[in-house]
Amino acid sequence: VIVSKYILRDDVRTHGSGNAGLTNFYRVFGGPLTLVVILSDVVKAVLAVLFATFIAGHISPELVALAKYWAGTFCLLGHMYPCTFQFRGGKGILSGGAIAIMMGFDSGNPWSWCIPAVVWGGFILLAAATKYVSLGSCWAGASFPFATWVVYHDAALLALSIVIGGLILYMHRGNIHRLLTGTENRFSLHKKA
């Protein structure tokens, strides 16, 4: 929304699917500003989780994982429902993907790398094989709680991961319907003429 409104003087939410996310931005505007959208979505999630890690690390190392999941949850909520843009944001895949990567850096758990490996591995395989970004996105949302549970076996982290994954699936409910009815658009790196 920021890139489209303040740099291009247009609102991405008035074009294409009406979503403020990367896929719609790329389909509508294309070009190098897509990289700016990617960086802004990723950086805000990384900074939120790093800030929570810093604070929790100074209180108690045992709180770091929980703080990261709380930060990820609220970062995603702010991304999807930004109060400064009439609560109309993106679907959370880039921010959610960055959050998943950040969960993989837990010095207290040597298996934490499995979380981004499962989430991103499935996303990349499904999106590349089918050309449906939304299918990969649904995998990411659905697999995040399972990967969290396998790595941590912690009820609080599982609950927060269900919220994070559930938000992503909820934001993709229209895509899920189109996938089931065969009307979902496939992704292409080249804009249609």
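Note: hydrogens, waters and symmetry copies are ignored here, and every other heavy atom, side chains too, is used.
- With rounding to the nearest 0.5 Å, the separation of CD1 in I115 from CG in N109 is 7.5 Å.
- F87 and I168 fall within the same hydrophobic cluster, where Ile, Leu, Val, Met, Phe, Trp and Tyr residues are linked whenever their side-chain heavy atoms come under 4.5 Å apart, directly or through other members.
- The heavy-atom pair separating D106 from A65 by the smallest distance is OD2-CB, 3.9 Å.
- K68 approaches A52 most closely through the heavy-atom pair N-CB, 4.5 Å.
- Within the model, atoms NE2 of H177 and OG of S134 stand 13.0 Å from one another, a figure rounded to the nearest 0.5 Å.
- R178 is linked by a salt bridge (charged side-chain N to carboxylate O under 4.0 Å, His left out) to E184, counting only residues two or more places apart in sequence or in another chain.
- Summarising the geometry, atom CG belonging to L126 is positioned 4.5 Å from atom CG belonging to L135; distances are rounded to the nearest 0.5 Å.
- Residues W111 and V118 fall into different hydrophobic clusters, defined by Ile, Leu, Val, Met, Phe, Trp and Tyr side chains chained together at heavy-atom separations under 4.5 Å.
- The ring pair (Phe, Tyr, Trp, His ring centres under 6.0 Å) check on F146 picks up nothing, with sequence neighbours excluded.
- Within the structure, salt bridge (Lys or Arg N to Asp or Glu O under 4.0 Å) contacts touching residues 17-26 (residues at least two apart or in different chains) do not occur.
- Here T73 pairs with L77, L160, V163, I164 under the side chain to side chain contact (heavy atoms under 4.5 Å, CB included) rule; sequence neighbours left out.
- In terms of the side chain to side chain contact (heavy atoms under 4.5 Å, CB included) criterion, residue partners of A156 (sequence neighbours excluded) are, by chain and number, L66, D154.
- Annotation for V64 and T53: closest pair CG1-CG2, 3.8 Å, computed over non-hydrogen atoms.
- Among residue pairs with one or both ends in residues 33-65, those qualifying as ring-ring contact (aromatic ring centres under 6.0 Å, His included) are F54-H58; sequence neighbours excluded.
- Hydrophobic clustering (side-chain heavy atoms under 4.5 Å, transitive across Ile, Leu, Val, Met, Phe, Trp, Tyr) groups V133 together with I124.
- Looking at heavy atoms from C-beta onward, I93 lies out of side-chain contact with M171 at the 4.5 angstrom threshold.
- To the nearest 0.5 Å, atoms CG (L179) and CG (N185) are separated by 10.0 Å.
- For F123 and F144, the distance between ring centers is not under 6.0 angstrom.
- Connection of M80 to F74 is established within a shared hydrophobic cluster, with ILVMFWY side chains joined at heavy-atom distances below 4.5 Å, either directly or through further cluster members.
- Within a 6.0 Å radius of CH2 in W149, other residues, nucleotides and ligands contribute more than 12 heavy atoms.
- Summarising the geometry of Y152 relative to M103, their closest heavy-atom pair is OH-O, 4.0 Å, with the distance given to 0.1 Å.
- In this structure, R88 is not positioned above the aromatic face of F85 in the sense of NZ or CZ being under 6.0 Å from the six-membered ring centre and within 45° of the axis.
- For S60, the side-chain hydrogen bond (donor to acceptor under 3.5 Å, both in side chains) partners two or more places apart in sequence, or in a different chain, are E62.
- From Y69, atom OH reaches atom CG of L158 across 9.0 Å, with rounding to the nearest 0.5 Å.
- Side-chain contact between F105 and V49: absent, with no pair of heavy atoms (C-beta onward) separated by less than 4.5 Å.
- Considering only residues two or more places apart in sequence or on other chains, I59 meets the side chain to side chain contact (heavy atoms under 4.5 Å, CB included) condition with I55, L63.
- Other residues sharing a hydrophobic cluster with V43 under the 4.5 Å side-chain heavy-atom criterion for ILVMFWY residues are L47.
- Nearest heavy atom pair, residue A45 against residue I99, reads CB-CG1, 3.9 Å.
- Between C75 and A48, the closest heavy-atom pair is CB-CB, 4.1 Å.
- With sequence neighbours left out, the ring pair (Phe, Tyr, Trp, His ring centres under 6.0 Å) criterion links W139 to no other residue.
- The hydrophobic clustering, which links ILVMFWY residues whose side-chain heavy atoms are closer than 4.5 Å, places W120 and V151 together.
- Rounding to the nearest 0.5 angstrom, the gap separating the CG atom in L33 from the CD1 atom in I38 is 11.0 Å.
- Heavy atoms from other residues, nucleotides or ligands lying under 6.0 Å from OH of Y170 number 12 at most.
- In this structure V37 satisfies the side chain to side chain contact (heavy atoms under 4.5 Å, CB included) test together with V3, L22, F25, D41, sequence neighbours excluded.
- K131 meets the side-chain hydrogen bond (donor to acceptor under 3.5 Å, both in side chains) test with no other residue; sequence neighbours excluded.
- Contact annotation: the side chain of L50 approaches that of M102 to within less than 4.5 Å [non-hydrogen atoms, C-beta and beyond].
- Taking the side chain as every heavy atom from C-beta outward, C138 and N175 never approach each other to under 4.5 Å.
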